[in-house]
Amino acid sequence: MRGDPDCLIRGVASLDEAGEGLISFLGSRRFLPYLADTRASAVILTPEHADVCPVNALVTDNPSLAYAKVASVLTARAPLAPGIHPSAVVDESAVIDPTARIEAHCTIGAGVRIAAGVFIGPNCVIADDCEVGNDSRLIASVTLGSRTVLGKRCLIHPGAVLGADGFGLANDQGRWVKIPQLGRVRLGDDVEVGSGTTIDRGALKDTVLHNGVKLDNLIHVAHNVELGENTAIAAQTGIAGSARIGAGCTLAGQSGVAGHLELADGVHVSGQTAITRSIRAPGLYTSTVPAVPHSAWGRNFARIKQLDDLFRRVRALEKALAETADDQAEN
């Protein structure tokens with residue numbers, strides 16, 4: 001800490017909007033121009049920028065992490081008011097801890113087990129035989145299919161669907177026959193699932209998200225997928241059935257993983273990258289094509305269609321040159 005150790009902080013805000021009593025952070029050089037004029041009472045930043053900070057400074061090598069911890073303390077939610085709203089429909093066989101909160105218009109099925117400190121927001125549907133672990137939160141309009149299991153401190157955002165049937169079909173002479181989806185969805189502890197994300201139940205074995213997995217909005221996780229500990233996946237990503245993603249991986253937005261593939265621990269995938277083969281070594285993988293003017297793309301695409309012919313012609317020329325060189329060497 002540099003500055004007044006008695007400075008009182010009551011909240012957080014961005015560098016350009018913070019005022020007295022608020023703390024902000026400088027997580028990227030892009031926002032450095034806002035630092036000189038900030039009216040925040042304190043700023044979290046790296047040692048590199050501490051000397052140019054005009055206000056109190058909390059100096060750390062990882063400002064984003066420090067900010068996350070500070071903001072968590074300053075924005076802590078109010079204590080949970082336990083109870084079941086009168087409009088909720090709860091099966092008599094469900095077991096709900098007395099410290100849990102069930103909000104309006106929820107439906108709780110037979111055999112459901114809801115642990116201590118759980119919050120079930122309005123309009124949630126929890127089907128038969130689900131389990132929700134201690135201090136987990138379903139914000140609103142969340143659907144848990146039958147036998148879905150959530151660990152401790154899971155956070156499920158509005159509109160997420162966990163435990164719907166996977167896309168399992170068999171073809172009978174041109175007609176599709178549904179394959180029963182008999183597995184479950186199982187989440188470990190501290191898993192977060194974004195709004196509108198869908199996680200399909202397994203076909204036979206379970207779809208599994210291990211401890212600490214973080215999913216953004218609008219992601220599709222297909223049946224039998226396994227996501228390793230502390231893997232984070234950004235919006236609009238699709239993971240096809242039976243893919244296995246290792247621990248500590250990141251998949252950027254609109255990326256895709258084909259079915260039955262494996263990604264090693266520590267694999268990082270750039271946005272819009274299509275993974276069509278298993279990746280056995282950690283590292284950064286990219287297959288995107290940057291945007292170019294349409295006229296340039298049209299010319300390039302026309303040439304792409306000629307690549308096979310061009311390749312064959314080059315091979316023929318190489319062969320002819322090699323034969324000419326052999327003839328000259330013999331003479």
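Note that these values count all heavy atoms, side chains included, but never hydrogens, waters or copies made by symmetry. Along the sequence shown, residues are numbered consecutively beginning with 1. From a predicted model like this one, the values you see are computed outputs, not experimental measurements.
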Can a salt bridge be assigned to the pair R147 and E131 using a cut-off of 4.0 Å between side-chain N and carboxylate O?
no

For the residue pair D200 / H220, report whether a side-chain donor-acceptor contact shorter than 3.5 Å exists.
yes

Give me the atom names and distance for the closest heavy-atom approach of R153 to S136.
N-OG, 3.3 Å

To the nearest 0.5 angstrom, please state how far the NE2 atom of H105 sits from the CD atom of E103.
10.0 Å

Residues R29, E48: salt bridge by 4.0 Å N-O rule
yes

Looking only at heavy atoms, what is the nearest atom pair of A234 and A252, with distance?
CB-C, 3.8 Å

From CD1 (I275) to CG (L261), nearest 0.5 Å:
8.5 Å

Closest non-hydrogen atom pair, S146 against A127
N-CB, 3.4 Å

Could you walk me through whether V257 and L263 pass the side-chain contact (heavy atoms from CB on, under 4.5 Å) test, one step at a time?
CA-CA 9 Å; V257 180; L263 272 61; 4.2 Å; yes

Would you say the side chains of H268 and T250 form a donor-acceptor pair under 3.5 Å?
yes

Non-hydrogen side-chain atoms of R280 and S278 separated by less than 4.5 Å:
yes

Looking at R201 and D165, does any basic side-chain N land under 4.0 Å from a carboxylate oxygen?
yes

Just checking, R137 and F119: is the charged tip under 6.0 Å from the six-membered ring centre and within 45° of the axis?
yes

Fit a plane to each ring of Y67 and F25, take the angle between them on a 0 to 90° scale, and name the class: parallel (under 30°), tilted (30 to 60°) or perpendicular (over 60°).
parallel

Is it the case that T60 and N62 place a side-chain donor and acceptor less than 3.5 Å from each other?
no

Cluster question for you: counting only ILVMFWY and a side-chain heavy-atom cut-off of under 4.5 Å, with indirect links fine, are I44 and L74 together?
yes

Hphob cluster co-occupancy, V125 + L138, side-chain heavy atoms under 4.5 angstrom
no

For L169 and W176, the nearest pair of non-hydrogen atoms, with its separation, is CB-CE3, 3.7 Å

Is the shortest side-chain N to carboxylate O distance from R2 to D51 below 4.0 Å?
yes

S255: which residues meet the side chain to side chain contact (heavy atoms under 4.5 Å, CB included) condition with it, sequence neighbours left out?
T237, L251, V269

Check which hydrophobic residues are tied to L35 through side-chain heavy-atom contacts below 4.5 Å, counting indirect links as well, and list them.
L15, L26, F31, L32, Y34, V43, L45, V52, V55, V59

Heavy-atom side-chain proximity of C106 to I126 below 4.5 angstrom:
no

When rounded to the nearest 0.5 angstrom, what is the spacing between CD in E192 and CG in D216?
9.0 Å

Less than 4.0 angstrom from a charged side-chain N to a carboxylate O is my criterion; do R113 and D97 meet it?
no

Between D4 and N56, which heavy-atom pair has the shortest distance, and what is it?
N-OD1, 2.7 Å

What heavy-atom pair brings H157 and L155 nearest, and what distance separates the two atoms?
NE2-CD2, 3.6 Å

Between T148 and R186, do the side chains contain a donor N or O and an acceptor N or O under 3.5 Å apart?
no

Intermediate values then yes/no, side-chain contact (heavy atoms from CB on, under 4.5 Å), I199 and T207
CA-CA 8 Å; I199 305 172; T207 301; 3.8 Å; yes

